[in-house]
Amino acid sequence: MADIRLNPPEIENTFPLTIGPLEGLFSNLPASEIGSNQAQDMSNVIVQPGGILKTREGRAKLNSTVISAYPITGIYTYYKAAGTKQLICACDTNLYKWVSPNWTSIKSGLTTSKDFEFETILDYLIMMNGTDADLKYDGTTVAAIGGSPPVGKYPVEHYSCLFMVEAADKSKVRFSDVGNFDSWPSTRYFYFTRDDGYDIVRILKFKGVLLVFKEGSLQALLGNDTDNFERYTYDPYKGAVASRSIVQVGDSVYYLNRYGVDRFNGIGVGETISFPIENLINGVNGDYIQNSVAWEDQGLYKLIVPYGASTVPNLGLIYDTRTNLWFRWVDYKLSCVTKYKDSTLVRTYGGDPETGFVRELDTGNTDDGSTFSWYWESKEFGEPDPRWRKLFRYSWVKAKDQSANISLNLRADQSGSGTTSTITLANTGAVLVQKLSHSEHGKFIRFKLSGNAPAEIHSLAHEGVLQAKR
């Protein structure tokens, strides 16, 4: 069980507080109005189904030497039918493949720092950046796609055709002949609300249709053959603003727009799910929101956005699709992501948005060898009666005994720095309950757990004494 059960009170007017199973972030309401198990603030933690809080996993550089001073602008895993695979990235004016321990160029002379998008079709890797000629790669040689296609973006294989958004006319979706991406008949295209003032930001296969995302709409191409394709509008008012935020998790697609994060299940319009963190959504840098990036990880929608004055994605807004909980990660810079199946493992790699490093994500417990801090901060408790002044005297924390101590800070009535106690751990691996003593006075109390090393916390309880109604 994740909760702590307190014994009957020893003295009159004693009251208990039990927090757990722990939950996610709800920062969009006053701290006294959120749920008893919710966090008013947090950093670099996640709560697993069942209410166990853990620190997030770390990151580690794949290449120890920087590729160049320019950012990573695209990354992809290219699988061939024969079973071979290559990790591909774009940086500066080159496309590279990973040949451990270095990146090897497969194509040079490209326009500097353009975002590349990739797709696999008929055992070829298709590579487009919206500026240079569309490219194909067979694992050995990079060449221009035949048939004189227009310069494109967002390539997608759909019913054996190669689809793209035409870079020169970003309301226009072009597609190749069936089974031949080197053949581009001039009549194979569809316009999507050409004069609405919005560009297509991505096309995506989903449940047998081709979704077409604009900032101002969510549309689709229905049908399963070139003879019966037809356009359809799901939402005429709201779509997506960041192409790399559009990710399928389970049976829904999640994406970022200027109103928040939406979830679309293929029926009706997208549902906004980000109300608990609306204040954080409002803090995203609107001039660079289009740079946001996301990926799926075991039921989690992991979204990294440019927050505050940052021009690159640096703040993690993590949504658990199983529990509908939100989490916040800080100092997490990222430009692009891919999954790489390595034997029995699935690794996640991400590009640096400022310089030429690729990192493995969700690995270890440090960032490039350095520890990172974390915290989880509870609501403001006025229970059992916010009119009474109270003595807050004992706390119990149920946690896994790991290698580093945990701090518990109590702050009464939102004043001062509060009182900090240390939960001393000895790394036995057992789950234990520690009792801590305090002497905080006030009408309200909040609890803040924190540390700078891996932690696992199950629940928290407190015992206080009512003193006077004032």
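The first residue in the sequence is number 1, and the count goes up from there. Side chains are part of it too, since the values below use all heavy atoms of this structure and drop only hydrogens, waters and symmetry mates.
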Any chance you could lay out the side-chain contact (heavy atoms from CB on, under 4.5 Å) test for Leu280 and Ser27, step after step, and finish with the verdict? CA-CA 8 Å; Leu280 295 177; Ser27 56; 4.1 Å; yes
I would like to know whether Tyr340 and Val346 meet side-chain contact (heavy atoms from CB on, under 4.5 Å); could you show each step before the answer? CA-CA 6 Å; Tyr340 184 91; Val346 178; over 6 Å; no
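- In this structure, Tyr70 OH and Asn94 CG are separated by 12.0 Å, a value rounded to the nearest 0.5 Å.
- Taking both residues in full, the closest heavy atoms of Trp376 and Met42 are given as CD1-CE, 3.6 Å, listed atom of the first, atom of the second, then distance.
- Of the possible donor and acceptor atoms, none in the side chain of Asn37 sits under 3.5 Å from a partner among the backbone N and O of Ile19.
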Please test Ser252 against Asn265 for side chain to side chain donor-acceptor pair (under 3.5 Å), starting from the C-alpha separation and ending with a verdict. CA-CA 4 Å; Ser252 296; Asn265 64 7; 5.4 Å; no
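- In summary, the side chains of Asp115 and Thr73 do not present any donor paired with an acceptor at a separation below 3.5 Å, with no hydrogens or angles considered.
- A donor-acceptor pair under 3.5 Å links the side-chain atoms of Glu296 to the main chain of Gly299, judged by distance alone.
- Arg258 and Glu215 are joined by a salt bridge, as a carboxylate oxygen and a charged side-chain nitrogen come within less than 4.0 angstrom of each other.
- Looking only at side-chain heavy atoms (C-beta outward), Lys54 and Glu456 come within less than 4.5 Å of each other.
- Put simply, the side chain of Tyr307 never gets that close to the backbone of Pro313: no donor and acceptor are under 3.5 Å apart.
- Cation-pi geometry between Lys85 and Tyr79 is not satisfied (NZ or CZ under 6.0 Å from the ring centre, within 45° of the ring normal).
- Ring geometry, His462 versus Phe447: the interplanar angle falls from 30° to 60°, so the pair is classed tilted.
- Ion pairing between Arg359 and Asp368 holds under the 4.0 Å rule for side-chain N and carboxylate O.
- Minimum heavy-atom separation, Ala220 to Tyr234: CB-CE1, 3.4 Å.
- Ring pair Tyr254/Tyr319 is tilted by interplanar angle, where 30° to 60° counts as tilted.
- Pairing each heavy atom of Ala90 with each of Phe116, the nearest pair is CB-CD1, 3.7 Å.
- Atom CG of Asn409 sits about 9.5 Å away from atom CG of Leu449, to the nearest 0.5 Å.
- Put simply, the side chain of Asp262 never gets that close to the backbone of Tyr255: no donor and acceptor are under 3.5 Å apart.
- Within the model, atoms CH2 of Trp326 and CG of Leu303 stand 6.5 Å from one another, a figure rounded to the nearest 0.5 Å.
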Should Asn285 and Asn291 be marked as a side-chain contact (heavy atoms from CB on, under 4.5 Å) after you check the CA-CA gap, both sets of side-chain angles, and the distance that decides it? CA-CA 10 Å; Asn285 188 335; Asn291 295 334; over 6 Å; no
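- To the nearest 0.5 Å, the span separating CH2 on Trp103 from CG on Asn63 amounts to 7.0 Å.
- Side-chain contact check for Thr272 and Lys238: at least one donor-acceptor pair (N or O, by modelled atom type) lies under 3.5 Å.
- Within the model, atoms CG of Leu391 and CD of Glu463 stand 10.0 Å from one another, a figure rounded to the nearest 0.5 Å.
- To the nearest 0.5 Å, atom OG1 of residue Thr428 and atom CG of residue Leu425 are 8.5 Å apart.
- Salt bridge present: Glu157 and Lys205 bring a charged side-chain N and a carboxylate O closer than 4.0 Å.
- His438 has its ring centre no less than 6.0 Å from the ring centre of Tyr394.
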Under the salt bridge (charged side-chain N to carboxylate O under 4.0 Å, His left out) criterion, do Glu117 and Arg244 qualify, and how do the steps go? CA-CA 10 Å; Glu117 305 296 341; Arg244 289 178 173 170; 3.1 Å; yes
Evaluation steps, side-chain contact (heavy atoms from CB on, under 4.5 Å), between Val212 and Tyr154: CA-CA 11 Å; Val212 179; Tyr154 315 124; over 6 Å; no
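- Between the side chain of Asp352 and the main chain of Glu354, a donor-acceptor pair closer than 3.5 Å is present.
- Asp413 contributes a side-chain N or O that, together with a main-chain N or O of Lys443, makes up a donor-acceptor pair within less than 3.5 Å.
- Of the possible polar contacts, one joining the Gln40 side chain to the Ser378 backbone as a donor-acceptor pair under 3.5 Å is found.
- Counted by atom type alone, Ser245 and Ser292 present zero donor-acceptor pairs between their side chains at under 3.5 Å.
- At least one donor-acceptor pair closer than 3.5 Å links the side chain of Thr338 to the backbone N or O of Thr77.
- Remark: the backbone N or O of Leu87 is not paired with any side-chain donor or acceptor of Lys97 at under 3.5 angstrom.
- A side-chain hydrogen bond (donor to acceptor under 3.5 Å, both in side chains) with Asp362 is found for one member of Arg347, Lys302, Arg56, Arg59 and no other, namely Lys302.
- Annotation: Phe444 is not in aromatic contact with Phe381 [ring centroid separation under 6.0 Å not met].
- Aromatic rings of Tyr78 and Tyr137 (six-membered ring for Trp) have centroids within the 6.0 Å cut-off, being under it.
- The backbone N or O of Leu345 sits nowhere less than 3.5 Å from a side-chain atom of Asp342 that would complete a donor-acceptor pair.
- Judged by the 6.0 Å distance and 45° axis criteria, Lys61 is positioned over the aromatic ring of Phe357.
- Under the 30°/60° scheme for interplanar angles, the aromatic rings of Phe15 and Phe392 are found to stand perpendicular.
- Between Phe118 and Tyr76, the distance separating the two ring centers is shorter than 6.0 angstrom.
- Arg328 and Asp41 are joined by a salt bridge, as a carboxylate oxygen and a charged side-chain nitrogen come within less than 4.0 angstrom of each other.
- Side-chain polar atoms of Ser403 and Asn427 form no donor-acceptor pair below 3.5 angstrom.
- Salt bridge status for Arg411 with Glu380: present, with a side-chain N to carboxylate O gap under 4.0 Å.
- The side-chain heavy atoms of Leu25 and Leu317, taken from C-beta on, include no pair separated by under 4.5 Å.
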Pair Glu377-Arg446, salt bridge (charged side-chain N to carboxylate O under 4.0 Å, His left out): steps then yes or no: CA-CA 7 Å; Glu377 187 171 0; Arg446 77 94 174 93; 2.6 Å; yes
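- The shortest heavy-atom contact between Val293 and Leu334 is CG1-O, 3.8 Å.
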